[in-house]
Amino acid sequence: APEPAPAASAAAADAPALVPIPGGPEAAGVRGPAPEGLYQALGEKAGIAALMGDMVDRALKDPRIGPMFENSFKQMRPQALKDSLAAQICVLTGGPCEYEGTDMKYAHAQLKIDKAQFNALVEVLQDAMDARGIPFTQQNRLLALLAPMHRDIITVR
Ligand code: HEM
């Protein structure tokens, strides 16, 4: 049989089994040094936890992506996802946290996320940051850390 195309969805039946990268900076998506001051600008651990809690609550209410989160919450507590996201953002922004989830490719492999859904979550995050009064320049620094993850998260072209 011919090899599957490299761009084939990770969830495709004939794709090689995906091995999770469990925990640590690599799983969190760290690619370099954290931008100076970003962790503080987001309000440190408590501010980041509140931001991620609000982002997930807003995502649930968004008709474009809410159903995907609803579906995951049949298996997992919303608070567990909020905690994992908060740990990831803490690590990415240079805070004193440990990320214990899996890497972004593995975490989203089954979800069939397309570009529009990825952009919808970015919008939801921007709204959550606006609501907390996080300055625009700091918002953009966080978004710049997350943007490259689209390659691992979007599996539907
Ligand atoms: C840069 C963008 C994104 C980041 C940084 C991110 C981050 C994460 C993290 C850290 C987890 C938890 C992994 C674990 O604990 O092992 C997760 C899971 C999840 N993400 Fe994302 N995500 C992103 C984009 C998206 C998008 C666009 C969607 C849907 C529209 C989405 C839906 C979900 C869902 C539903 C889960 C739970 C998966 C499950 O059921 O196990 N994510 N994400």
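The residues of the chain are indexed from 1 along the displayed sequence. Atoms within each ligand, like the ligands themselves, are counted from 1 in listed order.
Using a non-hydrogen distance threshold of 4.0 Å, His108 registers as a contact of ligand 1. Note on ligand 1: Phe73 sits outside its first shell, no heavy atom being nearer than 4.0 Å. Using a 4.0 Å heavy-atom cutoff, Met104 is listed among the residues neighbouring ligand 1.
Rounded to the nearest 0.5 angstrom, Asp127 CG and Gln139 CD are separated by 9.0 Å. Separating the CE atom in Met68 from the CZ atom in Phe73 is a distance of 11.5 Å, to the nearest 0.5 Å. For the atom pair Ser72 OG and Leu60 CG, the distance stands at 10.0 Å (nearest 0.5 Å). Taking CD1 from Ile65 and CD1 from Ile113, the interatomic distance works out to 9.0 Å, rounded to the nearest 0.5 Å.
A donor-acceptor contact under 3.5 angstrom links the side chains of Gln79 and Asp83, judged on distance only.
The ligand atoms of ligand 1 that sit less than 4.0 angstrom from a heavy atom of Met68 are 29 (C), 30 (C), 35 (C). Within the listing of ligand 1, atoms 10 (C), 13 (C), 14 (C), 16 (O) sit less than 4.0 angstrom from a heavy atom of Tyr99. Of all atoms in ligand 1, listed by their number and element, those nearer than 4.0 Å to a heavy atom of Leu85 are 7 (C), 8 (C), 9 (C), 10 (C). Close approach to Met149 involves these atoms of ligand 1, each under 4.0 Å from a residue heavy atom: 5 (C).
Transitive grouping of hydrophobic side chains (ILVMFWY, heavy atoms separated by less than 4.5 Å) keeps Ile89 and Ile21 in distinct clusters.
Distance from atom 28 (C) of ligand 1 to its nearest protein heavy atom, with residue and atom name: Ile113 CD1, 3.4 Å. Among all protein heavy atoms, the one lying closest to atom 27 (C) of ligand 1 is Phe118 CA, 3.5 Å. Looking at atom 4 (C) of ligand 1, its nearest protein heavy atom turns out to be Ile153 CD1, 3.9 Å. Shortest contact from atom 5 (C) of ligand 1 to any protein heavy atom: Gln88 OE1, 3.4 Å. The nearest protein atom to atom 41 (O) of ligand 1, hydrogens excluded, is given as Met76 SD, 4.1 Å; this is a heavy-atom distance. The protein atom (non-hydrogen) at minimum distance from atom 32 (C) of ligand 1 is Phe69 CZ, 3.4 Å. When only non-hydrogen protein atoms are considered, atom 25 (C) of ligand 1 lies nearest to Leu121 CD2, 3.4 Å.
In this comparison of Gly101, Ala107, Ala59, Ser72, the heavy atom closest to atom 37 (C) of ligand 1 sits on Ser72. Comparing Ala116, Ala80, Ser84 against atom 12 (C) of ligand 1, the shortest heavy-atom distance belongs to Ser84.
Under the side chain to side chain contact (heavy atoms under 4.5 Å, CB included) rule, Met129 has a single partner from Val124, Leu51, Asp54, which is Leu51.
For the pair Ala41 and Ile134, the tightest heavy-atom approach, listed with the atom from each and the gap, is O-CG1, 4.3 Å. When every heavy atom of Ala28 is checked against every heavy atom of Met149, the shortest pair comes out as O-CE, 3.6 Å. Annotation for Glu44 and Gln40: closest pair OE2-CG, 3.5 Å, computed over non-hydrogen atoms. Looking at every heavy atom in both residues, Arg141 comes nearest to Pro35 through NH2-CB, 3.3 Å. Scanning all heavy atoms of the two residues, the minimum distance from Ala128 to Arg58 falls at CA-NE, 3.8 Å. For the pair Leu92 and Leu145, the tightest heavy-atom approach, listed with the atom from each and the gap, is O-CD1, 3.6 Å.
Within the 4.0 Å heavy-atom criterion, the part of Leu111 lying near ligand 1 is the side chain and not the backbone. Of the heavy atoms in Leu81, only side-chain atoms (C-beta onward) come closer than 4.0 Å to ligand 1. No part of Tyr106 comes within 4.0 Å of ligand 1, judged by heavy-atom distances. Only the side chain of Ile65 comes within contact range of ligand 1, with a heavy atom under 4.0 Å; no backbone atom does.
Between Thr102 and ligand 1, at least one pair of N/O atoms sits closer than 3.5 Å.
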